[in-house]
Protein chains: 2
Amino acid sequence: MSNITEIAKRAKVSRTTVSRVLNNHPYVKKEKRESVLRAIEELNYVPNMSAINLSKGKTNVFGVIVPQINHSFFSNLIEGIGKECNKHNYSLLVLQSNYDIKKELKYFDMLKNKVIDGMIVGSSIIPTNKINDLSSSGKIISCEYSASEKFPRVFVDHESGFKLAVDHLKSKGHQKIGLCLGNPKSGVGITRKKSFFNLLREYQLTWNNDWYFDERYTIYDGIKVASKLLDNPVRPTAVVVGSDQVAAGILYEVKRRGIRIPEDLALIGFDDQPIAKVLDLTTINQPIIELGEVAANLLYRLVNGEGIHADTKLELELVERKSV
Amino acid sequence: MSNITEIAKRAKVSRTTVSRVLNNHPYVKKEKRESVLRAIEELNYVPNMSAINLSKGKTNVFGVIVPQINHSFFSNLIEGIGKECNKHNYSLLVLQSNYDIKKELKYFDMLKNKVIDGMIVGSSIIPTNKINDLSSSGKIISCEYSASEKFPRVFVDHESGFKLAVDHLKSKGHQKIGLCLGNPKSGVGITRKKSFFNLLREYQLTWNNDWYFDERYTIYDGIKVASKLLDNPVRPTAVVVGSDQVAAGILYEVKRRGIRIPEDLALIGFDDQPIAKVLDLTTINQPIIELGEVAANLLYRLVNGEGIHADTKLELELVERKSV
DNA sequence: CTGAAAGCGCTAACAG
DNA sequence: CTGTTAGCGCTTTCAG
C-alpha cells in the first residue's frame, strides 16, 4: 500500500505539496496538482486514517452508549444519530453496555483515548457523582432527563405529551375522560399520572375512580379494560391510553360490541406504533429518531466549538386519525 | 494530556520500558514497572489510540454495513455482532447506507483507510462484479447468501426456510400458495423468490401471477395486499409472507372482511416478531442474533489469521401457531 | 506557490 | 532485563 512519500517521489514534488492536494488547499500550481492526482491514481493511493487522526488529534467518530440495540427506542435513537453523523461526515461507534457499569466506564475512556471525539449517552446507570468526573473526559451529550446537569441533555417532554392528549379531547367537547396507564411507578408513569390529574383539576373535568386503570400492557389487557368500562353504567366519553397496544384492544372490544368510535367513545393512544396506523387510532408520537438527530447535531456543534443550550426538550406530537 | 515520554522521564526509564509496561511484556524489573505505574497514575496518563493504531497498523474496530438500523433484522444482527465484538475487545462501527451505493463504496474504503480491521456486510446492493474488486480491500464477511463467493458468507438458510414454510402448508393440504416479499432485488429477496418457485415446480403446485407481491414492508402494505388478494376471484388457499409485519396486515384485513384464518386462507410469516405472537401467526424464525455473533466471530478469526470455512449456514425454525 | 523540518504518540528490531 | 534507534503516515509551521 502506497504512502504519501511515494506519491511525492512519483509526482516529483514534496510530501507537503501532496498533503496540500489531498486537503484541497488553494495555492498549488495546476500542473503540480494534476501531477499529484495522476500519481495518486496510478499508485492506487489511499490515505491512512490512523496517521491523519494522530496528526490532527481527532478521529471524526462519535460513540453512543446504549444498554442494547434490538429495542425499539434505542434502535430508533441510533438510526437518528447515524443519519445526522452521516451528514457531517462522522462515523458512529455503537457501544452496547447491557447496563454493565464497568463496560460503561470503559466506553467513556474512549474519549480520553481519542478513539472518539464525542459521546452520546443513550442510557447509563453510572451514578451521578461518578458521572460528574466523567464530564472532564470530553464532549458528552445525554439523552436522559435524569442525567447529571454537568452535560447538555436532550429529551422528550412527557408532561406536555399528556397535555396534548387531554387538550385535544377537551377541544372536541369531552368532559368525562378516563385514564389507562402501564406501570404507574416508572419514571414516565409517575410523570404521566401527575400530569393527567393536574389537568383534570385545572380544567375541572368530571371524574370517577372507575375510569382509572393501570398495569395494562397488552392488547388483551385492553379488551378487559373495555369490558369493565362498558359494563359500568357511568361511562366516560373518552379515554387516554398510555399505549397503542392497549388502546387497540379497547378499540377492538368496543367495536365488537357495536359501540361507535369516536361518537360513543373516543380513544387516544401513545407511541404511534404500526398497529395505530392500521386501526386509525389517534395517538401521541414520540420523535425518537429526531431525538437522535438533535443529540448528534448538538454533539457536532459542541465538538466544533459552538455554544449550545444546556437542555433541549422535544415536543411530542399529536397524530390525528379517527378515534377522537 | 501526558504522553509516554513524560512518563518515561518521571519514572526515569526509557520510553521503550514504558511501552513494555503498558503492553504487559514480561522481562521488566519489578521496581521499574512499579515506578512506571506510579508515574502513569500521577500524571493521569491515558494512551492515545490513534498513535497505537498507526504504529500497529490496526484499530481493533470492525464495521457493519446495514441499510438502516431501526429494522428488526438489522438491529438484532447488530446486537449479535456487538456482543461478539465485546468478547474480543473489538469496537463496532455501524455504517448506515440507506442502500445508497455511493455510501456503501465509501464505507468499504474504510478498510483501505485502516479505519476498520474488518467489515461485516449486513446487506448491500453493490453489484457482484464491483464487489469482487472490493475483496482486495480487506477482510470481509457477508451475511448475504447472494454475496460474491470471493469472501466468506454466513447466512440463514433461506432456501430451507422457505422449504419449511411451503412443506408445512403442503402437509396441510394446500396446493394454491401465494407469495409476498419485501425487496425482490436484495440478496435475501432473490434467494427467497428462487427458492419458492423451485418448490412450486418441484411440488407441481398451482400458480397464478396475481398471487405474487413484492416491495411490501409494512402492516399497511399488508392490508393492501389482502384487498387485492380478496378482490380477485381466483384466490390461493395460503400465502407465504416474507415479513410478520406484512402478514399481520393481511391477517387484519382478511379477518375484517369476515374471512376465516386458517380455514379460508392460511398465512405464514417470517421472523417471529412480537406481533406474530399476539396475532397467533405461524411464522419462520431466523436466529438473527446468533447470525451476528457467528459473523463477528468468523471475522475475528479471519482478521487474526485463522482459516475459516467459506460458508456457514444457520438453520431456521418453524414456529407453529394458528394461522395455518 | 513550494519544500525542509519538526512533530503527533507509540511500537519494535536490535544490540547490549 | 533495558535503552537506542528507526520507523508508522500525515500535517503544519516557517522560511523562502
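The analysis underlying the following values was restricted to heavy atoms, covering all of them including side chains, and did not include hydrogens, waters or symmetry mates. Below, chain A is the first sequence line, B the second, and so on; all start at residue 1.
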| Under 3.5 Å side-chain donor-acceptor pair for B:Asn98 and B:Gln68 | no
task = Just call it for B:Asn53: base, sugar-phosphate, or nothing, with non-hydrogen atoms closer than 4.0 Å on any strand.
result = nothing
- prompt: Between A:Tyr107 and B:Ser91, does any side-chain donor sit less than 3.5 Å from a side-chain acceptor?
  reply: no
In this structure, CD of B:Glu104 is separated from OG of B:Ser123 (nearest 0.5 Å) by 7.5 Å
Taken to the nearest whole Å, CD1/B:Ile40 to C1'/C:dG9 is 14 Å
From CG of B:Asn3 across to C1' of C:dG7 the rounded distance in Å is 12 Å
Atom NZ of A:Lys56 and atom P of D:dT13 are separated, to the nearest Å, by 12 Å
ask   = Does a donor on one side chain and an acceptor on the other come within less than 3.5 Å for B:Thr5 and B:Arg15?
value = yes
With heavy atoms under 4.0 Å as the rule, sort B:Leu54 into base, sugar-phosphate or nothing.
base
From CD1 of B:Ile52 across to P of C:dC8 the rounded distance in Å is 16 Å
Next item on the list: Check whether the side chains of B:Thr17 and B:Ser14 place a donor and an acceptor atom closer than 3.5 Å, and report yes or no.
Entry: yes
Of all heavy-atom pairs linking B:Glu159 and B:Thr191, the shortest is N-CG2, 4.4 Å
Protein-proximity profile, nucleotides 1-6 of chain C, B/S/- by nucleotide at the 4.0 Å heavy-atom cutoff, equals BBBBBB
